[in-house]
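Source: prediction; values computed, not measured.
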Amino acid sequence: MNLSPRDKTLTLIGILLAVFLGALDQTIVATALPKIVEDLQGVSRYAWVATAYLLASTVLVPIYGKLADMFSRKRIVLFAIATFLLGSLLSGIAGEFGTLPLLGDGMSQLIVFRAVQGLGGAGLFSLAFIVIADLFSPRERGKYQGLVGATFGVASVLGPWIGGLLTDYGGALIPGVEGWRWVFYVNVPVGAVALWFVAMRMPPLRPKDASARLDVPSALFLIGALVPFVLALQLDRSVYPWGGAVTLGAFAVAAAFAVAFVLRSLASSSPVLEVRLFADRVFATANLAAFLLGAAFLSTVIFLPLFMVNVLGVSATRAGLSLIPLSIGTVLGSVFAGQIASRLGRYKGLMVFGGVVLLLAMVLLSTMSADVPYWRVTLYMVIAGLGVGPGLPLYTLAIQNAIDPRKVGQATSAAQFFRQIGGAVGAAVMGTILATTLAAAFAGVGRTAAVAGLEAPALSGGELASTGGGDVGAAVREAFGAQAEALVAALDDPDPQALARALEASAVPDEARGFILGAAAQARGDAAAMAALAAQLRAQLDEQADAVAATVAEAVRQGFADAVTAIFGALVWVVAAALAVTAFVPSLELRRSNEPGAAALD
């Protein structure tokens, strides 16, 4: 299909707007989520708002790829954007009309509508690379696919900022409409512009082989494998451990459907994802490397803000802004790698270079102490972004360059799918490392509190592991305050043994207890002396509370530092494995046309 440069540019603008729409939503909603669950009274279902979107957007990626090989790309893109916008509008009105039949309360409605968003979001990213593959030859494609990574990076920078503004101040736009609802409504104007560009300027881009048909059984088997697999990864490990019946059962169901999918795919002439594609070395190795890099990237995005808030003590807003250097590095790495690949006609050296830079970043992040300065973390994140950036366009480009153009839809969607699944697996595994490390650290905190004579439930190791220890200082002071009031009450008790029992249960040092008992005996009957003694007790326990609170808070801070650096230590090995796999990706010269045919250079 011969298109004018103007048509290609306008189509590219529409596709990049669709990518911006999906990428912006991923970050903007996360900022508003605490306020959303507060208004909808659904804190116990907090995680399901993200899980519903993740599940739908991950499971349907391969199916979008197959549909793109069967029907007009334009029709599929329009469907994806329209579905995403419908989900956005519905999410914005969740709970406005109270409890609804079948859908339930506002929080349940939001979860369902986020899944609808995910149905559209699944197509936004994979179709972007598929459409660019139609517009440009592999030799030209790198620089344009680099723009997709750059668009994603820009949206990642703007998302948290816009989300915060709308959540805090959006309520003033229309009286009676909560600010967080604009987090979803803001998608409408952006999506409308994207729809217009695609509908009015994008050519049909019909597939090269229109005879392909969707094999429904293989699609159902794939969905049956992915749904329990992704759900098992998202389960709360404190309730459903890895070795528990529910988790193992979900993985068993996923494995059974996966086997059925493979068998059906081998027998079908048009499966949703051809298993035979894995016989191609580029397809197999590039997807494995993308899986590992997806795990490293998403884990970094999730756990770095945890370090910033709980170790460096920055605000949640500033912690979100700490990801901006990562996004800037990603944009630069993606754009420049795409440009260089298009000029040289080679991709492997750039992929290896990106892997080495990312490995360096993970090593640096794994060495952070609890006292690391903010500027150094910022530098490490820029390095990480420069390492991540080249992989965003180049692994997909390598796969597209090696695969028969008639199968570019399912091959491209497979690259996106494995990156997303890698992120889900990586986040789940790293979350387990976090929980395990924190549990050990917080057990020590609980012992410290017990030694100080504090037995408050909030200071037990298990409770700290559950809450994260965010209010540990307040819990310490509250416990000491309760002890002080018990001692003051015992001073007024006519039973002379009441004070002795209260002292035994308190954090007052042993050497001071005798003095207090003697002073109380001398002051008995003297109201002024008793008041002075009560004030002295309160002052002593307040001083001890400050000392113990500082000790416990530092232990919690150090625990988070150890846990997050342990995660980055594990990611060093993940990135090293990705780099090793990348070394085995065959280097094919980038084709100058969209016709198949290239020879391996190594």
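Side-chain contact between Leu394 and Lys348 is absent, with no heavy atoms from C-beta onward closer than 4.5 Å. Contact annotation: the side chain of Ile15 never approaches that of Phe197 to less than 4.5 Å [non-hydrogen atoms, C-beta and beyond]. Residues Thr300 and Met381 form a side-chain contact, since some pair of their non-hydrogen atoms from C-beta on lies under 4.5 Å apart. In this structure, the side chains of Leu588 and Tyr347 come closer than 4.5 Å at one or more pairs of heavy atoms. Val585 places none of its side-chain heavy atoms less than 4.5 Å from the side chain of Val352. Using a 4.5 Å cut-off on side-chain heavy atoms (C-beta onward), Leu124 and Ser57 make no contact. No side-chain heavy atom of Gln416 sits less than 4.5 Å from a side-chain heavy atom of Tyr64. Side-chain contact check for Val357 versus Val388: every heavy-atom pair is 4.5 Å or farther apart.
The two atoms that bring Ser334 and Leu392 nearest to each other are OG-CB, 4.4 Å, heavy atoms only. Nearest heavy-atom pair, Val19 versus Ala128, reported as atom, atom and distance to 0.1 Å: CG2-CB, 3.4 Å. Of all non-hydrogen atoms in Ser342 and Lys143, the two that sit nearest each other are OG-N, 3.1 Å. When every heavy atom of Ala295 is checked against every heavy atom of Val574, the shortest pair comes out as CB-CG1, 4.4 Å. Among all heavy-atom pairs drawn from Gly87 and Val116, the shortest one is CA-CG1, 3.8 Å. The nearest pair of heavy atoms linking Leu60 to Ala122 is CB-CB, 3.8 Å.
Side chains of Tyr395 and Thr582: a donor-acceptor N/O pair is present below 3.5 angstrom, by distance only. Thr58 and Gln420 share a side-chain donor-acceptor pair at under 3.5 Å. In this structure, a donor-acceptor pair under 3.5 Å is present between the side chains of Gln400 and Thr412. Side-chain contact annotation: Gln117 with Ser88, donor-acceptor N/O pair under 3.5 Å present.
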> Is there a side chain to side chain contact (heavy atoms under 4.5 Å, CB included) between Met368 and Phe568 once you walk through the steps?
Replying inline: CA-CA 9 Å; Met368 292 188 301; Phe568 285 117; 4.2 Å; yes
>> Would Ile81 and Val198 count as a side chain to side chain contact (heavy atoms under 4.5 Å, CB included) here? Give the steps.
In response: CA-CA 10 Å; Ile81 297 175; Val198 173; 4.2 Å; yes
> Run the side chain to side chain contact (heavy atoms under 4.5 Å, CB included) check on Thr367 and Thr565 step by step: do they pass?
Replying inline: CA-CA 7 Å; Thr367 61; Thr565 52; over 6 Å; no
> Please walk me through it: do Ile421 and Val230 pass side chain to side chain contact (heavy atoms under 4.5 Å, CB included)?
Replying inline: CA-CA 8 Å; Ile421 285 291; Val230 175; 4.1 Å; yes
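In terms of modelled atom types and a separation under 3.5 Å, the side chain of Arg281 and the main chain of Phe584 share a donor-acceptor contact. Ser299 contributes no side-chain N or O that, together with a main-chain N or O of Ala296, makes up a donor-acceptor pair within less than 3.5 Å. Proximity of a side-chain donor or acceptor of Thr83 to a complementary backbone N or O of Leu119 within less than 3.5 Å is not detected. Side-chain atoms of Arg139 come within 3.5 Å of backbone atoms of Arg343 as a donor-acceptor pair (strictly under, hydrogens ignored).
Going from atom CZ of Arg419 over to atom CZ of Phe291 covers 12.5 Å, rounded to the nearest 0.5 Å. Rounding to the nearest 0.5 angstrom, the gap separating the CG atom in Leu24 from the OG1 atom in Thr151 is 12.0 Å. Remark: Leu579 CG to Leu292 CG distance equals 11.0 Å, nearest 0.5 Å. If you take CG on Leu397 and CE on Met351, they are separated by 9.0 Å, rounding to the nearest 0.5 Å. For the atom pair OG1 of Thr396 and CG of Asn401, the computed distance is 12.5 Å after rounding to the nearest 0.5 Å. In this structure, CG on Asn287 lies 3.5 Å from CD1 on Ile399, to the nearest 0.5 angstrom.
Salt-bridge formation is detected for the pair Arg114/Asp25: a Lys NZ or Arg NE/NH1/NH2 atom is positioned less than 4.0 Å from an Asp or Glu carboxylate oxygen.
Note: Phe251 and Trp242 have parallel aromatic rings, judged against thresholds of 30 and 60 degrees for the angle between ring planes.
Remark: Tyr185 OH is packed, more than 12 non-hydrogen atoms of other residues, nucleotides or ligands lying under 6.0 Å away. More than 12 heavy-atom neighbours from other residues, nucleotides or ligands sit within 6.0 angstrom of CZ on Phe278.
With Ile383 as reference, Leu364 is the one residue of Val363, Leu364, Leu365, Thr378 to meet the side chain to side chain contact (heavy atoms under 4.5 Å, CB included) rule.
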